[in-house]
Amino acid sequence: HRRHSSLVMSMVEILPNVQLILSRYVLPIFFAFGIIGCILNIIIFLEKALRSNACSIYMLAINIVNLIEIPYALIRISVVNSLPITIRPTSVMYCRMSGYIQHYLLNVVRTYTVLACIDRFALSSINVRIRRFSSASMARKLVIIWTIIWLFIPIHMCFFYESISSQRCGVSGTYGIFFSMYSTIATGGHLILMICFASLAIYNIRKGHLRIHPVNGQGNDVNRIKKKDFQLVKMLRSYFYREVFINDSPPGRVRWLTL
């Protein structure tokens, strides 16, 4: 029994040091690769051949926000969490603003991903009206609109997100219940929309429902999605998996709530 107790105590003493090493030395390496990947993706999506593609515009927006989100998370994890508990910034204003910023960045990326899934569904549809949604002008408008909308949706966090427990920011009480419901709806809503429209797009592509009927009613040519559009579908699938299995998974949510 004593041996077991001493082993547990040793692990308790070691774990904070392991966490500190991971925060200071290991995570920055992963974040560095993430930053490099975002920069390369931005360069690719800014190419003239892709600038007129609606899905490319959504992916460009995703990578731009990720390029902001990754350094922000790096600063919070590697710098703030590596500080001694007694000098960590735990003011109410810090908790509110940091919570608001991370929530905004995470959900605006989710919305861009949903829009990209809808775009691929629209592009693969046999309905001319639905296909009109897949346009560069529409993509630019929706990116701007939703970037602004998400500035206001989580604004309540700037007023109520203030509970501090064990030198960490969090929520409790009545607002804690509200925030839990709100986060579940925001996360679940994005996830359901991603799955639905991604599945519909895959269904349309696999079933070969790619016949395009000209608006003027002339011509019977069968146009199929271009090779670059198939590549964008594959790339979008990786973004989708990241959102579902990393950001929207229980470990992912815990990571964001405990930053």
Side-chain angles (χ1 to χ4, degrees), residues 30-76 100-124 133-154 183 186-202 225 228-249 252-253 255-256 259:
F30 286 100
F31 283 133
F33 281 110
I35 292 172
I36 294 172
C38 287
I39 293 174
L40 294 176
N41 285 337
I42 290 172
I43 293 173
I44 292 173
F45 292 128
L46 284 175
E47 290 183 359
K48 187 176 181 180
L50 294 175
R51 275 181 290 182
S52 60
N53 186 289
C55 191
S56 295
I57 293 173
Y58 294 127
M59 290 187 177
L60 175 63
I62 290 172
N63 281 279
I64 290 174
V65 175
N66 281 339
L67 193 58
I68 300 172
E69 179 185 2
I70 293 173
Y72 175 74
L74 176 62
I75 292 172
R76 297 197 69 194
Y100 170 81
I101 292 172
Q102 74 180 30
H103 189 79
Y104 169 77
L105 294 174
L106 183 62
N107 281 285
V108 79
V109 167
R110 286 171 175 168
T111 299
Y112 295 155
T113 307
V114 170
L115 291 173
C117 291
I118 296 174
D119 171 79
R120 294 298 88 181
F121 158 71
L123 180 68
S124 63
F133 179 87
S134 181
S135 68
S137 59
M138 177 67 74
R140 294 188 190 99
K141 291 176 183 178
L142 289 175
V143 166
I144 294 172
I145 290 171
W146 280 104
T147 299
I148 296 173
I149 289 176
W150 271 110
L151 288 172
F152 295 97
I153 292 178
S183 297
T187 302
H190 281 111
L191 184 59
I192 291 172
L193 289 173
M194 286 181 206
I195 292 174
C196 288
F197 285 101
S199 300
L200 288 171
I202 293 172
I225 293 180
K228 67 178 180 181
D229 288 305
F230 274 116
Q231 292 172 343
L232 288 172
V233 169
K234 293 179 180 179
M235 185 174 290
L236 177 60
R237 186 167 55 188
S238 67
Y239 285 95
F240 171 76
Y241 288 150
R242 184 196 66 181
E243 291 298 325
V244 173
F245 297 110
I246 298 179
N247 286 338
D248 289 337
S249 65
R253 291 196 294 271
R255 177 196 65 185
W256 280 104
L259 280 178

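What you find for F31 and A73 is that their closest heavy atoms are CZ-CB, 4.2 Å. When all heavy atoms are compared, the tightest approach of A116 to C55 is CB-SG, 4.4 Å. Minimum heavy-atom separation, A136 to S52: CB-O, 3.4 Å.
Residues satisfying the side chain to side chain donor-acceptor pair (under 3.5 Å) criterion with T147, sequence neighbours excluded, are Y112. In this structure, Y58 has no ring-ring contact (aromatic ring centres under 6.0 Å, His included) partners at least two apart in sequence or on a different chain.
The closest donor-acceptor contact from the side chain of N53 to the backbone of S56 lies under 3.5 Å. In this structure a side-chain-to-backbone donor-acceptor pair under 3.5 Å is present from R51 to L46. Counting only distance, with no hydrogens or angles, the side chain of D119 and the backbone of L115 share no donor-acceptor pair below 3.5 Å. The backbone N or O of I153 sits nowhere less than 3.5 Å from a side-chain atom of Y104 that would complete a donor-acceptor pair.
Interatomic distance, CE of M138 versus CD1 of I118, reported as 11.0 Å (0.5 Å rounding). Rounding to the nearest 0.5 Å gives a distance of 5.0 Å between SG of C38 and CG of N63. Once rounded to the nearest 0.5 Å, the distance linking CG of L193 with OG1 of T111 reads 9.0 Å. For the atom pair CD1 of I57 and CG of L142, the computed distance is 10.0 Å after rounding to the nearest 0.5 Å. The CG atom of N66 lies 8.5 Å from the CD1 atom of I42; values are rounded to the nearest 0.5 Å. The OH atom of Y72 lies 12.0 Å from the CD1 atom of I68; values are rounded to the nearest 0.5 Å.
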>> As a quick check of understanding, evaluate side-chain contact (heavy atoms from CB on, under 4.5 Å) for M194 and R110, giving each step before the final call.
In response: CA-CA 9 Å; M194 286 181 206; R110 286 171 175 168; 4.1 Å; yes
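Counting heavy atoms from C-beta outward, M59 and N41 have side chains that stay 4.5 Å or more apart. Within the 4.5 Å cutoff, side-chain heavy atoms of P71 are placed close to those of I35.
The aromatic ring centres of H190 and W150 sit less than 6.0 Å apart.
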